[in-house]
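Working notes for the structure below.
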Protein chains: 2
Amino acid sequence: MTGVTLTDVAQRAGVSTPTASRVLRGVATVDQQLKEKVLLAASELGYQPNRLARSLRERRTGIIGFLNVGSTAKFHTVLAQGIYDAGLENGYAVVTGMSDTTDRQQSYAQIFAGFQVDGIIVVPTSQSDPAIDRIAKHIPVVEVDRSASSVSRHSVLLDNQHAMEMAVDHLVELGHRHIALLYGVEQVNTELERVEGYLCALRKHGLPRREALMLGDDFSEAGGMRSTAKLLDSGVPVTAVLTTTNEMLAGAVQVLREREINVPEQLSLIGMDDTRWVRLMTPPVTVVEQPAYDMGKKAMELLLAAIDEKAGQHPAEIRFAPRLIVRSSTSPPPFDSL
Amino acid sequence: MTGVTLTDVAQRAGVSTPTASRVLRGVATVDQQLKEKVLLAASELGYQPNRLARSLRERRTGIIGFLNVGSTAKFHTVLAQGIYDAGLENGYAVVTGMSDTTDRQQSYAQIFAGFQVDGIIVVPTSQSDPAIDRIAKHIPVVEVDRSASSVSRHSVLLDNQHAMEMAVDHLVELGHRHIALLYGVEQVNTELERVEGYLCALRKHGLPRREALMLGDDFSEAGGMRSTAKLLDSGVPVTAVLTTTNEMLAGAVQVLREREINVPEQLSLIGMDDTRWVRLMTPPVTVVEQPAYDMGKKAMELLLAAIDEKAGQHPAEIRFAPRLIVRSSTSPPPFDSL
DNA sequence: TTGTAGGCGTTATCAA
DNA sequence: TTGATAACGCCTACAA
């Protein structure tokens, strides 16, 4: 709120307000002399355009709403960085809302709409969000990381099926045949697709689907602990464990330690996302990595494209390829396993 | 951009625009019948006030600019959550900029000013930022986590000296007398204060300051590796290592592993910030924890207070107390250590 | 209690 | 090329 207005600049330069506006925006052609006067006046006064007024007039704010989930996972942090960076590069500011609860998401949706944001990037928390649905009728919305399947929208996602397939392929190559999956029971597409990818891969390798090897729980550390305990207690033969999130992996690791089960000698382990702890663990964990930064950038770019050619182009679904990082938590299964 | 304006609502309700405004804001007294008509019309039309226009008129936007550093550390993520939450609770939206480079910080500062933000929360990257300094003359600014010492401003910080003191106290109690410090050479107050805290604690316990035990480098994983290697190569007796950040700790851990130095049998270790990997490490690491969420919340609250009573109250410096979490990476020093 | 008029700072339209 | 004039959507002041 410097208080210096365009009119102040115009007066000092001895021109009309519209002329000053034209000079400062570099639009139309203005007399060289006047131009210099205006520029001088502007810099002398330390003029800073009021984007509120400009936006009101232009009916476009240059603000993007970003509705993130309240996660401290590195993935979501880096995703956000990609979004901010791509925004900055294209002259857009990002207002962020962070929440897991639907009512708060609604609050943010309202706030975003009130601020006349030009578009919204959302990491959906549930299958469908009426507030977002309503807004999406008026302004472009891009989903990232997850997809609320109820409505078809622009989305930037990981190729989740392939991610799990890579993990299973790796294990099968090592000789594993009893591969367990720890997954989150939340109804988000990432989980559904990862489970599906696991099953596909099993089929591909001619391995049977065994319910006892598929453990669903919260995708939290506690959920990982519970499902790992359940798996071990069940007594079914198992030589490798796959998790859909590193939260569950953390839980699994703790239970394995308590029970003094050696990784990878007795049990191989694969996680999702490459984070510091996964690297520094003993042993370092083999994981599937997501290109978080690129996904964030792409989401912003897709959104900006949708804003510009607001043509009714039908929803684009962009899938990013995961990458397998092999470390020491995976090895051939023990001899005596079956 | 629903397109529905206050005037639309007023027309449909058969009243004047100001009357509709009064009803919707619940200000002044209006006839009960008219009131209902307006509310009905508003809900039928799905009216959503345009905050741009309102802000332009009221000269206050309800937007806070948050200039964060490009860190994926859990501390900064949780800090941001505290800021967003406190903003939402008080009806403020937060536009975030994330960057470590001064020129980008400048860009964001400009953007924030252009949006007429009501205030700014900044995690400073350098000792002083001219762009922020300039803005701070017009609108309230609160520093959080770090402090750019050149100018005195409202700030919400950790009691860094005390943090290191707690760590040293703990080690001394265990019997350590050769305590090394790995710190970042960047000129940010957190580092300076933590080094100072380490030295104070040594003095308090009658231990000598030994330059060979104070290793400065980047506060990165690489910096941690380099300084740890340097420390071990120097051959000076050392029984415990303290780091000012977990990035450096991660580097230290890797070097210790490579050299097969056992923690805590041969060397005790204390880090900064409680993160998942620190808990899941073998052994789990003793750390000093920062109340990140509370610090974020407090920063927002302090800023909002400064905005409201824009009285020239002189800068408040709020220090949060750290907490020592004792795990298994610290134990009495080996017998043969001097 | 309600409506009219004006203005927040900017850009778009149209004459000159 | 330049400058009046109006408008974006809202709120405040004043008059009715």
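Throughout, a chain's letter reflects where its sequence line sits, starting with A, and its residues are numbered from 1.
- In terms of heavy-atom proximity, A:Gln105 sits nearest to A:Val123 at NE2-O, 4.2 Å.
- In this structure, A:Arg60 atom CZ and C:dT10 atom P are separated by 16 Å, rounded to whole Å.
- Proximity of A:Arg54 to the phosphate of C:dT11: a side-chain N or O atom is located under 4.0 Å from OP1 or OP2.
- Remark: P of D:dT2 and CD of A:Gln33 are 10 Å apart, rounded to the nearest angstrom.
- A pairwise comparison of heavy atoms in A:Asn68 and A:Ala80 identifies ND2-CB, 4.5 Å as the closest pair.
- Nearest-nucleotide assignment on DNA chain D puts the 5′-proximal partner with B:Leu56, out of B:Leu56 and B:Arg25.
- Side chain of B:Val30, nearest nucleotide from C:dT10, D:dA4, C:dT2: C:dT2.
- As judged by a 4.0 angstrom heavy-atom cut-off over every strand, B:Arg51 is placed among residues making no nucleic acid contact.
- Proximity of B:Tyr47 to the phosphate of D:dG9: no side-chain N or O atom is located under 4.0 Å from OP1 or OP2.
- Between the CG atom of A:Leu303 and the CD1 atom of A:Ile64 there is a distance of 4.5 Å, given to the nearest 0.5 Å.
- Atom P of nucleotide C:dT11 and atom CG of A:Leu6 are separated by 6 Å, given to the nearest angstrom.
- B:Leu52 places its CG atom 11 Å from the C1' atom of C:dT10, with the value rounded to the nearest Å.
- Listed pair B:Thr29 / C:dT1 meets the phosphate criterion, a side-chain N or O lying under 4.0 Å from OP1 or OP2.
- Set against C:dG9, C:dT2, D:dG9, the side chain of B:Thr5 has D:dG9 as its closest nucleotide.
- Comparing A:Arg22 and A:Arg57 by the nucleotide of DNA chain D whose heavy atom lies nearest to each, the residue mapping closer to the 5' end is A:Arg22.
- Each of B:Glu58 and B:Pro18 was matched to the nucleotide of DNA chain C holding its nearest heavy atom; the match closer to the 5' end belongs to B:Pro18.
- Nucleic acid contact class of B:Leu34 (heavy atoms, under 4.0 Å, all strands): sugar-phosphate only.
- At whole-Å resolution of the value, CD in A:Gln11 and C1' in D:dA4 are 15 Å apart.
- In this structure, CZ of B:Arg59 is placed 13 Å from C1' of C:dT10, rounded to the nearest angstrom.
- Checked by atom type and distance alone, the side chain of A:Glu143 pairs as donor or acceptor with a backbone atom of A:Ala148 at under 3.5 Å.
- For A:Thr19 and D:dG3, the shortest distance from a side-chain N or O to OP1 or OP2 is below 4.0 Å.
- Rounding to whole angstrom units, CG of residue A:Leu24 and P of C:dA12 are separated by 14 Å.
- A:Lys37 NZ: 12 or fewer foreign heavy atoms inside a 6.0 Å radius.
- Between A:Lys37 atom NZ and D:dT1 atom P there is a gap of 18 Å when expressed in whole angstrom units.
- Under 4.0 angstrom from either OP1 or OP2 of D:dG9 there lies no side-chain N or O belonging to B:Thr7.
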